[in-house]
2 protein chains.
Amino acid sequence: MANPLQPVAGAALDPATVRVACSNCNLRELCLPVGLSADEMQRLDHLIATRRRVRRGATLFSAGDPFTSLYAVRSGFFKTTVTTADGRDQVTGFQMAGEILGLDGIVQDKHSCSAVALEDAEVCILPFDQLETLSREFSALQHHVHRIMSREIVRDQGVMLLLGSMRAEERVAAFLLNLVQRLHARGFSRSEMILRMTREEIGSYLGMKLETVSRTFSRFQDEGIIEVKQRYVRILAPQALEAIVNQADTQL
Amino acid sequence: MANPLQPVAGAALDPATVRVACSNCNLRELCLPVGLSADEMQRLDHLIATRRRVRRGATLFSAGDPFTSLYAVRSGFFKTTVTTADGRDQVTGFQMAGEILGLDGIVQDKHSCSAVALEDAEVCILPFDQLETLSREFSALQHHVHRIMSREIVRDQGVMLLLGSMRAEERVAAFLLNLVQRLHARGFSRSEMILRMTREEIGSYLGMKLETVSRTFSRFQDEGIIEVKQRYVRILAPQALEAIVNQADTQL
DNA sequence: CGGAACATTGAGAGGGATCAATGGACGTGG
DNA sequence: CCACGTCCATTGATCCCTCTCAATGTTCCG
């Protein structure tokens, strides 16, 4: 097995936009095509014609941009942010391979958040009008689109729970467990990872200041729960993290 | 005009479940049928066959319940809550006439949050498989379903922004403005309202304790921004509330 | 090698939580 | 109609968690 800290999907295809196919994508079990028949998959291949590369630090779309497509993360790592009227912003999520970006844009035909690559990334472009057309033909695809949107709503509820009722320690523990679990589902290690985001971005996502994030990491390390060295994190005692997450509950 | 503190939709139909029609519903401009042709509306009428009454304090659905339908609020007022493993819960939203409940259930075929009526309410039942079938025929309905889900995602982003980066005062100001704006869109006053939820429920939604909510209300009242008397709230200086919401930004 | 970006750590302050008591509003039943 | 109990809201006093301000350390890259 490859180095668990390196992405599974290696091949960096050259052109800025590349013809691709869902049907032989190694993310097809995580991404849009889940549960489609061979025939349906072929039709989907036809729709998802191109990829786009996004360099680290570059923007996939910005709040206010006209909405035309969803994006499936093929490789790399993104953050999404919403911005207040005066320019402060809040990270609303981190997205990795197989996850879908851009669902926020449907309702107003323009994006309401921005997506920025935290490492060199590649996305599959899903023109939304074509996706709607195709999902009127294939109920499996239609239902899957609905499930993806519902999944995002459920995820958001979880973030609200985290922001609304957990303390800093609990938030950080929940964050680490969630991240490593998603990475593990993509073939990475279940205990170690390289964080692609800064302490400030973590803090923004978790509703706390970067110093508090750093201090919490250090405290967990002192307690032997994790090992931290800058962006590298190793989870030594996952059950301790889980206990911290659930401890909020037992306090009542 | 009727008393602005009383619901617009008066008629309380008798049977527990009643045959209804979108085509002559006074909420059709706010609810599912937005933008449908007469023909499409008739088909939708066929789908939305029944209503359900939910008494104050009763549950429309609970986390874990099998998912079968979406619900359009016809009258009354709901809260949705998510619950942690050990039983503490967090309010994730308040829903009023014309708003759709149950989108969280699609992804796992079971609900992940609970919906409780905060006053006697009535909902239209939208069997989801039939809704999918119909929206494969009518692209306008299909797109509207997508817009409703996207709208929920955008709303959730706003709540994350609120919970993650606003202080108590700002949260309460944003909450009051949002509530009165939605009520005004339904024909109620733009300056006064009766809160249907307790201070504790507001606090849960806003990520703060009930005492802090109460204190913040009192402070706003002392400053002449609002008038509060228990559940009754009158906004005296909406621009002051807006300034408080945006002040978070100007502090950086 | 030097600078920029990011991370860590410390000291002090403050906002909101907690604990606790009082006060209203509402509904039920006598 | 009033008395009572329950639920909810208000207000005060105190504490603590997290923020703020500040300095130092580390990594990476030109």
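Proteins get letters first, then strands, A, B, ... in listed order; numbering begins at 1 in each. What's counted below: heavy atoms across the whole structure, side chains too, no hydrogens, waters or symmetry copies.
Remark: the A:T81 side chain and the A:Q90 side chain contain no N/O donor-acceptor pair separated by less than 3.5 Å. Remark: the B:S112 side chain and the A:Q157 side chain contain an N/O donor-acceptor pair separated by less than 3.5 Å.
Taking the charged nitrogens against the carboxylate oxygens, A:E99 and A:R182 do have a contact shorter than 4.0 Å, which makes a salt bridge. Ionic pairing of A:E169 and A:R219 is present here: one or more N-O contacts between side-chain nitrogen and carboxylate oxygen are shorter than 4.0 angstrom. Using a 4.0 Å cut-off between a side-chain N of Lys or Arg and a carboxylate O of Asp or Glu, B:D120 and B:R56 do not qualify as a salt bridge.
You'll find a donor-acceptor pair under 3.5 Å spanning the side chain of B:R215 and the base of D:dG12, going by distance alone.
Between B:G93 and B:R155, the shortest heavy-atom contact is CA-NH1, 4.0 Å.
Contact check, B:R231 against D:dA9: a side-chain N or O comes under 4.0 Å of OP1 or OP2. Contact annotation: B:S218 side-chain N/O to D:dT11 OP1/OP2 distance is under 4.0 Å.
The distance between atom NZ of A:K229 and atom C1' of C:dT9, rounded to the nearest whole Å, is 17 Å. Between the CE atom of B:M197 and the C1' atom of D:dC7 there is a distance of 17 Å, rounded to whole Å. Summarising the geometry, the separation between CD on A:E200 and P on C:dA7 is reported as 9 Å, rounded to the nearest angstrom. Atom-to-atom, CZ of A:F217 to P of C:dT9 comes out at 13 Å; the value is rounded to the nearest Å. The CZ atom of A:F220 sits 13 Å away from the P atom of C:dT8 (whole-angstrom rounding). One interatomic measurement links the two molecules: CG of B:L195 to P of D:dA9, which rounds to 9 Å at whole-angstrom precision. Atom C1' of nucleotide C:dG15 and atom CZ of B:R171 are separated by 11 Å, given to the nearest angstrom. Between the C1' atom of C:dA7 and the CD atom of A:Q221 lies a distance of 12 Å, rounded to the nearest Å.
Checked against the 6.0 Å centroid threshold, A:F78 and A:F94 do not count as a close aromatic pair.
Comparing B:L210 and B:R56 by the nucleotide of DNA chain C whose heavy atom lies nearest to each, the residue mapping closer to the 5' end is B:L210. The nearest heavy atom of DNA chain D to A:E211 and to A:Q230 marks one nucleotide each, and the one closer to the 5' end goes with A:E211.
Axis angle, first five pairs versus last five pairs of the helix from C:dC1-D:dG30 to C:dG30-D:dC1: 40°, rounded to 10°.
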Please write out the pairs of protein N or O atoms and N or O atoms of nucleotides 14-18 of chain D separated by less than 3.5 Å, giving the distance to one decimal.
| residue | atom | partner | partner atom | Å |
| --- | --- | --- | --- | --- |
| D:dT18 | OP1 | A:A168 | N | 2.8 |

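Between A:H111 and A:F67, the ring planes lie perpendicular to each other; the angle is over 60°, past the 30° to 60° tilted range.
In this structure, A:V245 and A:M166 have side chains that are in contact, with non-hydrogen atoms separated by less than 4.5 Å.
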